[in-house]
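Being a predicted model, the structure only gives us computed values, none of them experimental.
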Amino acid sequence: MFSLLRRQGDKAEERAAKYLKSKGYKILKRNYLCPLGEVDIIAQKDGAIVFVEVKQRSSEAFGGALFAVTKAKQQKVAKAAASFLKQSKAEYTALMFDIIAITEDKLEHIQNAFVPSGLFI
């Protein structure tokens with residue numbers, strides 16, 4: 001069961017990465033993992049570093065993919081983002097936290113979907 005879910009997640013992330021590339025984003029890292037959390041895709045566009053959470057759901061029942069990115073998940077992504085920035089020493093003019101929600105055949109990209117509270121980098 002877990003491997004099936006992982007494969008579905010990998011496919012969703014691959015679809016999201018292709019979409020981002022088609023929109024002019026440069027993919028810096030996929031599946032960045034640290035003790036504080038994980039970021040599905042880290043990209044860069046126009047000087048901004050963009051941390052992207054990818055969520056896929058089979059239907060809109062129970063709120064769909066977008067509603068799966070809770071405040072707790074946002075904070076984990078933010079902590080992992082801070083770790084990435086500290087480790088990579090990447091240069092940037094802005095930080096963004098986006099969500100790519102995939103439900104059935106629909107991909108929705110929400111730019112600046114959230115601003116984590118207490119994030120000091």
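Lys71 meets the side chain to side chain contact (heavy atoms under 4.5 Å, CB included) test with Gln74; sequence neighbours excluded. Residues satisfying the salt bridge (Lys or Arg N to Asp or Glu O under 4.0 Å) criterion with Lys18, sequence neighbours excluded, are absent altogether. By the side-chain hydrogen bond (donor to acceptor under 3.5 Å, both in side chains) test, Gln44 is found to be paired with no residue, residues two or more places apart in sequence or in another chain being considered. Partners of Gln87 by side-chain hydrogen bond (donor to acceptor under 3.5 Å, both in side chains), not counting sequence neighbours, listed by chain and number: Tyr32.
A donor-acceptor pair is defined here as one N or O able to donate and one able to accept, closer than 3.5 Å; no such pair exists between the side chain of Thr103 and the backbone of Lys106. Under a 3.5 Å cut-off, the side chain of Lys45 and the backbone N or O of Lys23 do form a donor-acceptor pair. In terms of modelled atom types and a separation under 3.5 Å, the side chain of Ser83 and the main chain of Cys34 share no donor-acceptor contact. Judged by distance alone, with hydrogens and angles left aside, the side-chain atoms of Asp40 form a donor-acceptor pair with the main-chain N or O of Val54 at under 3.5 Å.
Contact check for His109 versus Leu20: side-chain heavy atoms found under the 4.5 Å cut-off. The closest side-chain heavy-atom distance from Phe97 to Val77 is below 4.5 Å. Using a 4.5 Å heavy-atom cutoff, the side chains of Met96 and Ile49 are not in contact. The side-chain heavy atoms of Glu108 and Ile100, taken from C-beta on, include no pair separated by under 4.5 Å.
Annotation for Ala48 and Thr93: closest pair N-OG1, 3.9 Å, computed over non-hydrogen atoms. Nearest heavy-atom pair, Ile41 versus Ala17, reported as atom, atom and distance to 0.1 Å: CD1-N, 3.8 Å. Scanning both residues, Ala12 and Ile102, for their nearest heavy atoms gives O-CD1, 3.6 Å.
Annotation: salt bridge (charged side-chain N to carboxylate O under 4.0 Å, His left out) contacts involving residues 25-37, sequence neighbours excluded, comprise Glu14-Arg30. Counting only residues at least two apart or on different chains, no salt bridge (charged side-chain N to carboxylate O under 4.0 Å, His left out) pair has a member in residues 89-103.
Distance check: Leu36 CG to Gln75 CD gives 12.0 Å after rounding to the nearest 0.5 Å. From Lys73, atom NZ reaches atom CZ of Phe114 across 9.0 Å, with rounding to the nearest 0.5 Å. Taking CD1 of Ile42 as the reference point, atom CG of Leu28 lies at 7.0 Å (rounded to 0.5 Å).
Taking 4.0 Å as the cut-off between side-chain N and carboxylate O, Glu53 and Lys55 count as a salt-bridged pair.
Under a hydrophobic clustering in which Ile, Leu, Val, Met, Phe, Trp and Tyr are joined whenever their side-chain heavy atoms come within less than 4.5 Å, directly or via other members, Leu33 and Phe84 fall into different clusters.
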Does Glu38 form a side-chain contact (heavy atoms from CB on, under 4.5 Å) with Lys76? I'd like the steps, not just the answer. CA-CA 7 Å; Glu38 177 188 10; Lys76 282 189 171 195; over 6 Å; no
